[in-house]
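Since the structure comes first, as structure tokens, the remarks are kept for the end.
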Amino acid sequence: MKYIVAVLLLAVHLTGWAQHKSVYPSPIGFVNDFEGDFSKEELSALNLAVKDMLIKVMDGGLYNGIEIAIVTVTDSMFGDEKEMKDYAVKLSNKWGVGDKSSNNGILIAVSRKLHTVYIATGTGMEKLMPNDTCQKIIDEKMLPDLRKGRY
């Protein structure tokens, strides 16, 4: 009986040890390439494109305070979460993407190695970008390019 209890305790300990906490690195800029998918030129162009888009959006005044972050996620960043959706939402909240009072942030999370992508939006973005619109963007715009290796 003592051996069975010891084996069970060891199994519980090893199971807990094998799992790890999720990693939420600090943001670097609009584009956070933790997977190393982009060249310096591509990173610069993406950062500039996001910045230019935000300037245009904010000039209209309607969506003032919107923030966008793009992140490539490594498999070692996952821990507690099983889905990119869960990780992206938690990461967006930890980074504080968007204006806190209007909850209007957008975080685009991509993992080449895990073959997954998700667009997390704050509740203040639901009218502009509901979940079905985000999924349509992923399916029709992002995935065809990602499948061709164009990140």
Side-chain angles (χ1 to χ4, degrees), residues 12-151:
V12 168
H13 175 72
L14 289 176
T15 302
W17 181 72
Q19 296 174 348
H20 67 279
K21 293 284 185 192
S22 295
V23 175
Y24 303 102
S26 297
I28 300 165
F30 293 122
V31 181
N32 303 272
D33 185 21
F34 298 112
E35 240 184 355
D37 292 331
F38 303 112
S39 69
K40 288 182 182 181
E41 295 78 18
E42 290 170 327
L43 281 172
S44 179
L46 274 171
N47 272 302
L48 186 59
V50 171
K51 185 177 178 181
D52 286 348
M53 186 183 72
L54 291 175
I55 289 170
K56 289 176 186 175
V57 168
M58 287 185 195
D59 279 348
L62 183 59
Y63 302 109
N64 196 19
I66 288 178
E67 289 182 8
I68 299 173
I70 300 170
V71 60
T72 60
V73 178
T74 67
D75 57 349
S76 65
M77 292 163 71
F78 276 93
D80 301 330
E81 296 82 10
K82 303 295 182 222
E83 301 289 329
M84 177 67 87
K85 172 185 177 180
D86 299 326
Y87 182 80
V89 169
K90 285 183 181 179
L91 183 64
S92 181
N93 288 333
K94 291 212 182 269
W95 283 1
V97 179
D99 181 70
K100 190 173 185 175
S101 63
S102 55
N103 203 8
N104 57 356
I106 301 168
L107 183 130
I108 302 168
V110 179
S111 177
R112 177 177 45 85
K113 292 178 185 168
L114 298 173
H115 305 284
T116 186
V117 60
Y118 186 76
I119 300 174
T121 60
T123 55
M125 296 298 296
E126 287 176 352
K127 288 182 182 176
L128 179 65
M129 291 184 66
N131 289 339
D132 59 334
T133 299
C134 292
Q135 192 60 51
K136 187 174 181 177
I137 291 168
I138 291 169
D139 293 341
E140 295 179 10
K141 302 294 182 184
M142 296 177 75
L143 288 181
D145 281 338
L146 293 172
R147 287 184 181 121
K148 293 175 184 172
R150 294 188 295 224
Y151 292 85

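This one's a predicted model, so the numbers in the text were calculated from it and none came from an experiment.
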Output the distance between atom OG1 (Thr74) and atom CZ (Phe34), rounded to the nearest 0.5 Å.
8.5 Å
Taking side-chain contact (heavy atoms from CB on, under 4.5 Å) as the definition, give me every residue that meets it alongside Lys136, ordered by chain and number, with sequence neighbours left out.
Glu140
Contacts of type side-chain contact (heavy atoms from CB on, under 4.5 Å), residue Glu42, not counting sequence neighbours
Phe38, Ser39
According to the salt bridge (Lys or Arg N to Asp or Glu O under 4.0 Å) rule, which pairs have a member within residues 28-40, sequence neighbours left out?
Asp37-Arg112
Partners of Asp139 by side chain to side chain donor-acceptor pair (under 3.5 Å), sequence neighbours excluded?
Gln135
Got Leu91 and Leu107 here, is their nearest side-chain heavy-atom distance under 4.5 Å?
yes
Show the numbers, then the answer: is there a side chain to side chain contact (heavy atoms under 4.5 Å, CB included) between Val110 and Met84?
CA-CA 8 Å; Val110 179; Met84 177 67 87; 6.0 Å; no
Within-4.5 Å side-chain heavy-atom neighbours: Val117 and Met142:
yes
Does Asp99 offer a backbone N or O that forms a donor-acceptor pair with the side chain of Asn104 under 3.5 Å?
yes
Could you give all pairs that pass the ring pair (Phe, Tyr, Trp, His ring centres under 6.0 Å) test and reach residues 98-129, with sequence neighbours left out?
none
Would you please name every residue forming a side chain to side chain donor-acceptor pair (under 3.5 Å) with Glu83, sequence neighbours left out?
none
Asp132: partners by side chain to side chain donor-acceptor pair (under 3.5 Å), with sequence neighbours left out
none
Within the structure provided, determine whether Leu54 and Ile68 are in side-chain contact (heavy-atom separation under 4.5 Å).
yes
Rounded to the nearest 0.5 Å, what separation is found between the CD1 atom of Ile106 and the CD1 atom of Ile70?
10.0 Å
With ring pair (Phe, Tyr, Trp, His ring centres under 6.0 Å) as the rule and sequence neighbours excluded, what pairs involving residues 87-114 come up?
Tyr24-Tyr87, Phe78-Tyr87
For the OG1 atom of Thr72 and the CD1 atom of Ile108, what is their distance to the nearest 0.5 Å?
12.5 Å
Please enumerate all residues that pass side-chain contact (heavy atoms from CB on, under 4.5 Å) together with Thr123, with sequence neighbours excluded.
Asn103, Glu126
With sequence neighbours left out, what residues match Asn47 under side-chain contact (heavy atoms from CB on, under 4.5 Å)?
Phe30, Val31
Does any non-hydrogen side-chain atom of Ser76 lie less than 4.5 Å from one of Val23?
no
Between atom CE of Met129 and atom CD1 of Ile66, what is the distance when rounded to the nearest 0.5 Å?
9.0 Å
Could you report the tightest heavy-atom contact between Val73 and Ser111, atom names first, then the distance?
O-OG, 2.9 Å
Qualifying salt bridge (Lys or Arg N to Asp or Glu O under 4.0 Å) pairs, either residue in residues 87-98, two or more places apart
Glu81-Lys90
Among residues at least two apart in sequence or on other chains, which ones pass side chain to side chain donor-acceptor pair (under 3.5 Å) with Asn131?
none
Heavy atoms of Thr121 and Cys134 approach each other most closely as CG2-SG, 3.8 Å
